[in-house]
Amino acid sequence: MITPWSHTFKKKLRYFLMVCTVVWSILTMFVAYDYILFSSTVIGSKWWTFVEWVVWSVSVVPYLDFSTQSRFYQSLLFQSCLDYRFDSSWSIEFVSSLCDVRTTNNTTFTVRLTGNAQRADGKPVSITDLFFTYNTIIKQNKREIPQLDVFSNITITQPDEETLLVEFPRASRDNYSFFLNFILPAHILTDAPWEWYADSFAKNPLWSACGTVERSLDPKSLIVNTTTCKNTFASFYQVKLLASEHSTEYVDMKAIEKPLDDDRFTLHHAITNTNMWLFFNTKSKKLSPRIQRALGGLIVSHLYTGNVQYLLHRNHLWLDAFLSQGDGIRDFIVSFNPNADLEQRDLELLDVQPLPSVVPLIGDSVRVVYQYDFARMSGMQSIRLDFREQRIRYTWYRLSWPMFLQPITFRSNQQVIIPLYRNGERILQPWRSFVDIVWLYDTFETSRNRFVTRERSLWRIDIYAFDTQPPRWSWMVDRLYTFVYLSNPLSQAIVARIKDIFVQANIDEFFSFVGYENGDEYVAALWSWTYDLALRMLDLGAKADFSSIFLTDEASINPSRYVNERLVFLLQNYTNETDITKQKSFLSDANIIYANDLPVVFLGNVVHPVYLRTSLASRYFRVRDEYVFRRSVFDSIRLVTRLRPDLDAMFSVETMKRYAAQF
């Protein structure tokens with residue numbers, strides 16, 4: 001019989017208590033460890049290599065490659081006066097990097113160095129480096145880099161030993177982007193030849209930022225040592241140039257131009273600052289604004305399918321405003337008379353009558369439309385307006401810009417003679433619609449013996465002027481539209497899609513596509529006007545607007561050579577204006593000009609599909625700019641993590657309460 005204090009009972013009790021103690025100890029250790037994890041901080045460790053796989057060439061030296069991705073690699077080695085980022089509304093914001101840049105008018109900028117940045121050889125970044133880079137490399141363009149030709153008209157002076165003054169020909173917020181150019185060491189490169197710069201300096205650059213280029217035995221690998229960089233957790237940033245998708249288990253990010261079916265990676269659309277444009281030759285006798293609008297609308301409404309949707313990103317811009325859908329485009333092309341610039345056939349279908357020599361103006365608020373054919377009506381030198389009112393003034397206007405004739409007030413006569421020719425030259429011009437606005441003055445007496453003149457609209461006359469002459473080319477040879485492009489993978493994909501669109505619209509027989517392997521030959525074709533349509537990719541950098549394209553007739557930048565300072569003025573005011581009402585006014589006026597001429601169609605921003613390893617993806621990388629995307633990845637990625645115990649938090653009663661509340 002077992003009693004409470006028998007030997008067997010004591011033995012079993014002791015065993016039970018020992019088991020409870022072991023279980024309690026294990027639970028205590030688990031809870032303690034879990035509490036330490038709860039109250040500690042998880043931080044990234046500066047270890048391991050972040051590997052990016054790209055399939056095109058990159059450069060770590062400024063002014064050798066102007067692509068957005070290369071700019072990021074260059075930023076690890078070189079600094080610029082300003083850097084940029086985007087705020088929550090996706091407006092660009094310029095922030096200080098090396099310099100303090102100030103302006104009161106967006107035309108003249110005062111630049112001063114801030115801090116004590118140094119080169120790898122111990123030499124400080126000086127004002128001499130700024131002047132050398134801005135004046136010698138960029139303005140004078142000693143290296144003859146085509147992308148820098150646009151800066152030849154700026155003025156750079158150094159009023160004292162600490163200040164630079166940079167003056168631009170026109171005021172624009174876009175001028176801030178000039179200071180994103182990386183500053184080079186003057187004491188190394190002043191007398192260095194271009195070959196040495198592109199070869200020796202590219203292999204062993206004298207950096208001023210935190211990264212350094214590591215030597216690698218692999219010619220297809222670029223390694224940047226970032227162990228001294230702040231706000232980043234990768235010790236090395238490695239760029240691999242791989243021709244195959246195999247053996248890429250160690251790759252953390254892939255920047256490729258095609259869809260990737262791999263569950264290990266998450267797709268991000270990194271939108272670059274490179275834009276794709278379709279330019280029309282404004283001097284081509286084969287094109288009219290109506291055909292340009294139809295072609296632009298046809299392409300834009302059908303382009304963004306298949307692989308192209310991964311290559312181009314297009315927001316709704318003002319450039320969409322007057323594009324058609326391309327309906328009836330074959331009829332436009334077949335019936336187009338190259339010298340009937342305003343489409344006489346279309347005017348006839350609308351029952352627009354020829355301009356008579358005498359126009360009777362009877363009634364109130366009347367609008368009449370006429371057409372004028374220079375070839376058939378050359379004997380008519382003027383038109384006469386007959387009206388019954390005595391107080392009239394009239395003004396000639398183009399569709400969007402006042403002509404040189406000034407308003408004239410007539411008080412007694414009831415006729416106005418408007419000349420169509422002056423000194424043997426035409427006042428009316430083809431390709432333009434002229435508007436005649438006639439005003440009536442009502443004069444009446446008030447109760448206080450005061451006379452008041454009130455102006456109201458009376459008549460409006462639209463005159464469409466054109467020239468009809470027989471075509472000067474054969475149908476199957478000279479009538480073909482020449483479509484030129486630079487033959488690279490991106491352009492080839494877009495051109496392939498455009499060809500499909502033309503086949504579907506049954507107009508492919510009218511187009512000849514010419515792809516240039518050599519960039520110089522392509523630019524030469526643009527300069528010589530031997531094209532009708534040109535697909536052109538322009539890297540505008542981090543610019544706030546693209547209106548400056550219409551300020552230059554340089555074919556390499558603006559193949560259409562369409563220059564319109566009034567359009568630029570309106571667009572820049574639209575970009576810089578903060579008042580929504582004024583913005584709409586500027587935009588409306590710009591649309592009228594653009595719709596009438598349509599020299600170019602914006603196809604979209606070039607998109608680099610970037611695949612980031614799913615385990616590393618987070619909300620921080622969902623940005624819409626390639627440079628900012630890479631910067632966010634570089635600053636935020638955590639390949640290895642470790643715990644940092646926080647003793648204050650660990651022994652805090654509040655922390656214990658929060659911990660207990662989770663159970």
Side-chain angles (χ1 to χ4, degrees), residues 52 57-85 94-101 111-139 141-143 145 147-148 151 164 166 176-190 192 194 196-215 222-232 234 236-239 273 539 541-542 626-628 630-631 634-635:
E52 178 180 355
S57 61
V58 296
S59 172
V60 295
V61 174
Y63 313 108
L64 287 180
D65 185 357
F66 286 82
S67 66
T68 311
Q69 64 171 8
S70 291
R71 171 176 169 78
F72 167 71
Y73 307 134
Q74 293 164 10
S75 71
L76 301 180
L77 303 176
F78 298 93
Q79 293 175 278
S80 54
C81 271
L82 297 179
D83 202 348
Y84 74 95
R85 61 191 180 196
F94 296 96
V95 294
S96 177
S97 177
L98 270 178
C99 310
D100 177 32
V101 180
V111 185
R112 293 185 177 89
L113 283 170
T114 58
N116 299 307
Q118 288 189 335
R119 305 281 180 186
D121 62 354
K123 297 284 187 180
V125 178
S126 65
I127 198 73
T128 302
D129 293 338
L130 267 66
F131 188 81
F132 167 74
T133 302
Y134 290 159
N135 187 66
T136 305
I137 299 295
I138 299 179
K139 173 182 168 56
N141 199 5
K142 293 293 187 180
R143 311 292 191 189
I145 304 170
Q147 292 91 340
L148 300 181
F151 298 115
L164 280 187
V166 181
Y176 274 100
S177 62
F178 173 80
F179 302 100
L180 299 176
N181 288 288
F182 294 111
I183 307 302
L184 294 176
H187 67 287
I188 297 294
L189 300 176
T190 298
W194 172 253
W196 182 88
Y197 175 77
D199 184 17
S200 300
F201 189 75
K203 295 178 181 177
N204 188 26
L206 190 62
W207 63 87
S208 59
C210 62
T212 61
V213 177
E214 293 289 317
R215 296 187 180 276
L222 170 68
I223 301 177
V224 181
N225 187 333
T226 61
T227 54
T228 59
C229 296
K230 299 179 180 179
N231 301 322
T232 183
F236 298 90
Y237 197 107
Q238 184 174 355
V239 183
N273 293 319
D539 187 352
E626 187 185 20
Y627 175 80
V628 179
R630 282 185 165 84
R631 176 61 62 181
F634 179 67
D635 290 343

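We use all heavy atoms of the structure for the numbers below, so side chains are in, but hydrogens, waters and symmetry mates are not.
Heavy atoms only, all atoms of each residue included: A234 and T226 are closest at O-OG1, 2.5 Å. Nearest heavy-atom pair, C229 versus G211, reported as atom, atom and distance to 0.1 Å: SG-N, 3.8 Å. Shown here for V125 and S208, the closest heavy-atom pair between the two residues is CG2-CB, 4.1 Å. Taking all atoms of both residues into account, the shortest heavy-atom contact from Q238 to I223 is CG-CG1, 3.8 Å. Heavy-atom minimum distance, P205 versus L77: CG-CD1, 4.1 Å. Closest non-hydrogen pair, T190 versus F132, comes out as CA-CE1, 3.7 Å.
S80 places no side-chain N or O within donor-acceptor distance of the main-chain N or O of S97, the cut-off being under 3.5 Å. The main-chain N or O of T136 is never found under 3.5 Å from a side-chain atom of R143 such that the two would form a donor-acceptor pair. Looking at S96, its side chain never comes within 3.5 Å of a backbone N or O of L82 through a donor-acceptor pair. Within the 3.5 Å criterion, the main-chain N or O of F634 finds a donor-acceptor partner in the side chain of T232.
Of the inter-residue distances, the one linking Q79 atom CD with Q118 atom CD reads 11.0 Å to the nearest 0.5 angstrom. Atom CG of L184 is separated from atom OH of Y63 by 5.5 Å, given to the nearest 0.5 angstrom. R119 CZ to L206 CG: the interatomic distance, rounded to the nearest 0.5 Å, is 6.5 Å. Atoms CG and NZ, from L148 and K139 in turn, are 12.5 Å apart once rounded to the nearest 0.5 Å.
Side-chain contact between W207 and L76 is absent, with no heavy-atom pair separated by less than 4.5 Å. Using a 4.5 Å cut-off on side-chain heavy atoms (C-beta onward), L189 and W196 make contact. Using a 4.5 Å heavy-atom threshold, the side chains of W194 and K142 count as separate. Within the 4.5 Å cutoff, the side chain of I138 has heavy atoms near those of the T133 side chain. The shortest distance between side-chain heavy atoms of F201 and V61 falls below 4.5 Å. Residues L64 and Y197 have side chains in contact (heavy-atom distance under 4.5 Å, counting atoms from C-beta outward). By the 4.5 Å heavy-atom criterion applied to side chains, N181 and P62 are not counted as neighbours. Under the 4.5 Å side-chain criterion, counting only non-hydrogen atoms from C-beta, Y627 is in contact with D83.
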* **F182 and R71: CA distance, side-chain angles, deciding distance, side chain to side chain contact (heavy atoms under 4.5 Å, CB included) verdict** => CA-CA 9 Å; F182 294 111; R71 171 176 169 78; 3.3 Å; yes

* Test salt bridge (charged side-chain N to carboxylate O under 4.0 Å, His left out) on K123 and D129 and set out the steps. => CA-CA 11 Å; K123 297 284 187 180; D129 293 338; over 6 Å; no

* Asked: Going through the checks in order, is the side chain to side chain contact (heavy atoms under 4.5 Å, CB included) test met by F78 and I183?
  -> CA-CA 7 Å; F78 298 93; I183 307 302; over 6 Å; no

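Taking the centre of each ring, Y237 and F72 come in below the 6.0 Å mark. Aromatic ring centroids of Y84 and Y176 lie 6.0 Å or more apart.
Counted by atom type alone, R630 and S75 present zero donor-acceptor pairs between their side chains at under 3.5 Å. Side chains of D65 and S70: a donor on one and an acceptor on the other come within 3.5 Å.
With L130 as the fixed residue, the side chain to side chain contact (heavy atoms under 4.5 Å, CB included) test singles out one of N135, V166, L113: L113.
Taking the six-membered ring where the residue is Trp, F179 and Y134 present perpendicular rings, their angle passing 60° and hence far from 30°.
Counting heavy-atom neighbours within 6.0 Å of N116 CG, excluding the residue itself, gives a total of 12 or less.
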